[in-house]
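Reading through the structure tokens given below for one structure.
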Protein chains: 2
Amino acid sequence: MFRNIVAQPNFSVYLMKKKEVTIYDLAKELNYSPSTISRALNNHKSIGKKTIKKIQKTAEEFNYRPNALAASLRNNTSRTIGITIPKINHPFQASLITGIEKTARKAGYNVIITQSDDKYKNEVDNVKALYDARVGGLIVSLGMETRDTSHFDQYVKQNIPIVFVDRVPENFNSYRVIIDNHAAGYRATKHLIEQGCKRIAHFAGAQHVNVYNLRKKGYVDALIDSGLQVDEELIMDMKTLSFEEGKKATEKLLKLDNPPDGIFSAIDTAAVSAILYAKEKGVKIPEELAIIGFNDDPISRIVEPTLSTVSHPAQKMGEISTKRILEHSTRKLDAAVSEITMLDTEIIIRNSSKRK
Amino acid sequence: MFRNIVAQPNFSVYLMKKKEVTIYDLAKELNYSPSTISRALNNHKSIGKKTIKKIQKTAEEFNYRPNALAASLRNNTSRTIGITIPKINHPFQASLITGIEKTARKAGYNVIITQSDDKYKNEVDNVKALYDARVGGLIVSLGMETRDTSHFDQYVKQNIPIVFVDRVPENFNSYRVIIDNHAAGYRATKHLIEQGCKRIAHFAGAQHVNVYNLRKKGYVDALIDSGLQVDEELIMDMKTLSFEEGKKATEKLLKLDNPPDGIFSAIDTAAVSAILYAKEKGVKIPEELAIIGFNDDPISRIVEPTLSTVSHPAQKMGEISTKRILEHSTRKLDAAVSEITMLDTEIIIRNSSKRK
DNA sequence: ATAATAAATGCAATCGATTGTTAGCTCAAA
DNA sequence: TTTGAGCTAACAATCGATTGCATTTATTAT
């Protein structure tokens with residue numbers, strides 16, 4: 001499987017960690033008290049300008065690096081934000097993290113990341129581990145299995161802000177950063193109708209998850225408002241909206257006596273899968289079957305025909321979530337605040353649905 | 001842009017953090033000393049069985065959660081791994097992180113993530129910030145701009161293990177987890193030759209970055225070994241191997257008097273871009289132009305024709321990197337060890353290069 | 001020159017968990 | 001009854017930075 005090459009040049013002495021430089025060392029060196037060193041390094045106003053200069057210069061010479069653990073312990077607040085999301089290597093979530101990390105770092109915060117893999121137990125464990133690390137705030141996108149949210153209670157008790165993003169709980173006072181899934185689902189469906197679709201199928205996700213539930217509601221409402229029938233036969237329930245599930249669903253749909261002429265998929269992956277399978281079966285897209293997805297994943301631009309979709313401002317959501325946490329300490333709110341930020345989505349019309 | 005809805009139910013009392021439960025509280029409650037509580041919670045052998053039971057039960061009842069900051073401070077080692085990579089939202093790197101996080105969490109470690117965005121300054125800042133957080137180990141994939149590695153010296157001095165992964169420095173004693181880029185480049189090129197290509201172009205990345213340098217060397221060596229000419233005109237130097245760069249390069253190549261009949265791209269993105277552009281220009285793939293990429297990104301399976309590529313065991317690399325760090329404390333090595341783990345790659349032959 | 005004010009610095013406790021050393025206790029064998 | 005093995009558990013120092021309060025020094029006004 002792989003080769004290993006080991007070389008070990010020198011022993012013993014190096015095994016001991018060298019004593020690190022602390023403010024006490026600097027204090028001794030410069031004949032100041034540790035308090036003065038500490039204040040000088042933090043540019044405290046009660047310390048003289050030249051003193052600050054001198055101390056900071058020496059600190060640099062000595063390669064002094066503050067111990068954030070000690071500071072956090074003393075202050076009882078750490079400049080760390082915890083994240084719990086289902087999967088890091090999904091385009092939407094990776095972008096979400098990117099936005100969080102960038103914003104946090106600018107503010108001098110570190111980000112600890114955990115992934116639940118959509119398992120409830122993992123989520124609970126992660127939330128505990130982040131608490132143990134005494135994060136200053138928590139950003140969460142719920143796992144598929146999560147129905148109970150009591151694992152977050154301890155944060156509220158300690159007034160540690162929680163921001164739920166995208167996949168959020170129904171009943172939990174906290175910050176929320178979401179998109180208008182209902183409106184997005186409505187518009188995506190409406191778009192297909194405008195392109196002349198009369199029988200539109202829907203690839204639906206797990207219905208206890210807010211985003212999938214609302215996208216479906218939007219779909220249903222758009223049909224009703226347009227005077228089209230809602231046909232349960234055309235609503236394909238899926239667990240993960242994966243490539244495989246998308247294929248199976250498309251297969252089923254195409255076999256119907258009265259197959260659909262449009263598909264709104266709650267996730268791009270399944271939509272792309274539908275395109276590929278339908279093409280394989282000789283169905284013309286978009287003429288015979290118009291398709292629209294959700295997320296604007298990279299594959300949606302590459303598939304042929306390119307996939308129409310709903311874009312989800314992932315990085316922006318991460319950025320706003322982080323800002324909520326950074327602001328929290330400034331504002332006089334407790335963690336049980338219920339503040340919802342709803343971002344706009346954008347329908348991106350590409351070739352998989354453009355008939356005119 | 002977005003709507004905000006704020007509701008604030010209750011004030012004052014909740015603003016103060018409630019005092020957290022500590023081992024001292026448990027000690028008082030149970031009439032034990034804090035030392036006993038601490039040892040009991042850690043299942044120390046010198047504490048009686050029933051005592052441990054009783055203490056752990058009470059801890060649970062009181063919702064006690066250990067303060068990892070305090071423990072780390074005292075022990076001078078934190079169960080935290082720091083990561084510095086260029087970009088989180090790139091498929092390869094997202095998978096790398098996934099592998100790291102999973103392995104670390106199984107061992108009870110947290111993962112702090114930072115991204116350099118391929119900027120040297122960011123990388124330096126991040127490496128410092130992670131040091132300040134007193135991580136127990138560091139996993140790094142170097143940014144494009146990095147040529148000097150002195151920002152890692154402090155880790156070596158403190159015997160904090162560093163694992164470089166994928167994009168690694170030339171001269172720095174540490175752990176390294178890499179793939180055999182030379183062999184991969186060689187085999188990819190050889191594959192095109194076997195398919196009958198006589199004039200093979202190469203999309204090359206920045207040559208001071210080990211992975212791109214070696215892929216190119218592999219390409220050149222394969223040509224030479226097969227008695228083909230190395231034509232500098234066919235080697236396209238690119239900064240980021242992006243979609244746009246791929247397109248421009250393909251444009252240039254197709255305009256040559258004697259255009260290539262094969263392309264080996266050091267990254268999938270540029271390869272996909274080449275496919276799309278060449279198709280648009282009426283060039284038949286793979287008949288007139290065979291293409292192979294590198295990374296096995298999701299888009300490589302979706303593009304038409306599907307892209308042949310070299311798969312990079314990203315999660316596995318993350319897993320192994322993490323294990324190196326976890327093992328480090330166990331083994332009697334200092335951080336200046338030089339241990340290289342080289343993983344195999346796999347050539348995946350899809351339609352963009354299969355002529356026979 | 002002197003009192004009064006402002007500026008600069010130091011003292012010592014604190015955050016929560018860990019651990020080497022010491023001390024108390026139980027039980028059994030002699 | 002005595003003694004020591006074997007358990008249990010406590011004391012107190014430690015990790016490094018922070019900060020309210022006290023104290024010293026410098027500066028200004030009168």
Side-chain angles (χ1 to χ4, degrees), chain A residues 16-56 58-59 62-80 108 131-136 158, chain B residues 16-56 58-59 62-80 108 131-136 158:
Chain A
M16 307 173 301
K17 297 198 179 186
K18 292 207 188 58
K19 197 93 168 64
E20 297 187 57
V21 182
T22 70
I23 55 170
Y24 297 95
D25 300 323
L26 297 177
K28 215 167 286 171
E29 173 71 17
L30 292 169
N31 265 313
Y32 280 114
S33 78
S35 355
T36 302
I37 305 290
S38 171
R39 287 191 256 251
L41 292 173
N42 290 306
N43 292 305
H44 195 286
K45 50 182 172 276
S46 77
I47 304 292
K49 275 216 161 184
K50 328 104 212 163
T51 313
I52 290 190
K53 266 265 165 62
K54 186 167 37 156
I55 291 179
Q56 294 191 345
T58 310
F62 275 60
N63 249 314
Y64 167 79
R65 288 267 92 207
N67 186 323
L69 297 173
S72 296
L73 177 61
R74 168 61 219 241
N75 295 334
N76 193 26
T77 64
S78 78
R79 297 176 77 79
T80 301
Y131 183 87
D132 294 352
R134 297 301 189 268
V135 295
Q158 294 298 330
Chain B
M16 307 173 300
K17 297 199 179 187
K18 292 206 188 61
K19 195 90 169 63
E20 297 187 56
V21 181
T22 69
I23 53 170
Y24 298 94
D25 300 322
L26 297 177
K28 215 166 287 170
E29 173 71 19
L30 292 169
N31 266 315
Y32 280 116
S33 80
S35 356
T36 301
I37 305 291
S38 170
R39 285 192 253 250
L41 292 173
N42 290 307
N43 291 305
H44 195 285
K45 51 179 172 273
S46 78
I47 304 292
K49 274 215 162 184
K50 329 103 213 164
T51 313
I52 291 190
K53 265 266 164 61
K54 185 167 42 157
I55 291 179
Q56 292 190 346
T58 310
F62 276 59
N63 248 312
Y64 167 81
R65 287 269 90 210
N67 186 323
L69 296 173
S72 296
L73 177 60
R74 167 62 220 242
N75 295 334
N76 194 27
T77 64
S78 78
R79 297 175 78 77
T80 300
Y131 184 87
D132 295 353
R134 296 303 189 269
V135 294
Q158 294 299 329

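Numbered from 1 within each chain, the chains take letters A, B, ... in sequence-line order. Hydrogens, waters and symmetry mates play no part in the numbers below; they use all other heavy atoms, side chains included.
Remark: N75(A) is in phosphate contact with dT19(D), judged by side-chain N or O atoms under 4.0 Å from OP1 or OP2.
By the salt bridge (charged side-chain N to carboxylate O under 4.0 Å, His left out) test, D25(A) pairs with no residue at all, sequence neighbours left out. Contacts of R134(B) classified as salt bridge (charged side-chain N to carboxylate O under 4.0 Å, His left out), with partners at least two apart in sequence or in another chain: E20(A). By the side chain to side chain donor-acceptor pair (under 3.5 Å) test, N31(A) is found to be paired with no residue, residues two or more places apart in sequence or in another chain being considered. The ring-ring contact (aromatic ring centres under 6.0 Å, His included) search around Y32(A) returns none, not counting sequence neighbours. Legend: residues meeting ring-ring contact (aromatic ring centres under 6.0 Å, His included) with Y64(A), ordered by chain and number and at least two apart, are absent. In this structure, T51(A) has no side chain to side chain donor-acceptor pair (under 3.5 Å) partners at least two apart in sequence or on a different chain. For the side chain to side chain donor-acceptor pair (under 3.5 Å) test, no residue two or more places apart in sequence or in another chain qualifies with R39(B).
Overall bending of the helix from dA1(C)-dT30(D) to dA30(C)-dT1(D), expressed as the angle between end axes built from five pairs apiece, is 50° (10° steps).
Residue pairs meeting the salt bridge (charged side-chain N to carboxylate O under 4.0 Å, His left out) criterion with at least one member in residues 69-79 of chain B, sequence neighbours excluded, do not occur.
Where P66(A) and T51(B) meet DNA chain D, the nucleotide closest to each residue was compared, and T51(B) sits on the side nearer the 5' end. The residue among T22(A) and R39(A) whose nearest nucleotide of DNA chain D lies closer to the 5′ end is T22(A).
Of the residues in residues 40-47 of chain B, those lying under 4.0 Å from DNA chain C by heavy-atom distance are N42(B). Taken residue by residue, residues 24-35 of chain B places heavy atoms nearer than 4.0 Å to DNA chain D at N31(B), Y32(B), S33(B), S35(B).
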Mind running side-chain contact (heavy atoms from CB on, under 4.5 Å) on V21(A) and N63(A) for me, showing each step along the way?
CA-CA 7 Å; V21(A) 182; N63(A) 249 314; 5.6 Å; no
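Closest non-hydrogen pair, A133(B) versus S78(B), comes out as O-OG, 4.4 Å. Across A70(B) and L73(A), no two heavy atoms sit closer than the pair CB-CD1, 3.9 Å.
Counting atom types as modelled, R74(A) pairs no side-chain N or O with a base atom of dG20(D) as donor and acceptor under 3.5 Å.
Considering OG1 of T36(A) and CG of L30(A), their distance stands at 10.5 Å, rounded to 0.5 Å.
A donor-acceptor contact shorter than 3.5 Å is absent between the side chain of S38(A) and the backbone of P34(A).
Close approach of DNA chain C to chain B, defined as any atom under 4.0 Å from a non-hydrogen atom of the protein, starts and stops at dG16(C) to dG20(C).
Between K49(B) atom NZ and dC7(D) atom P the separation is 13 Å, expressed in whole Å.
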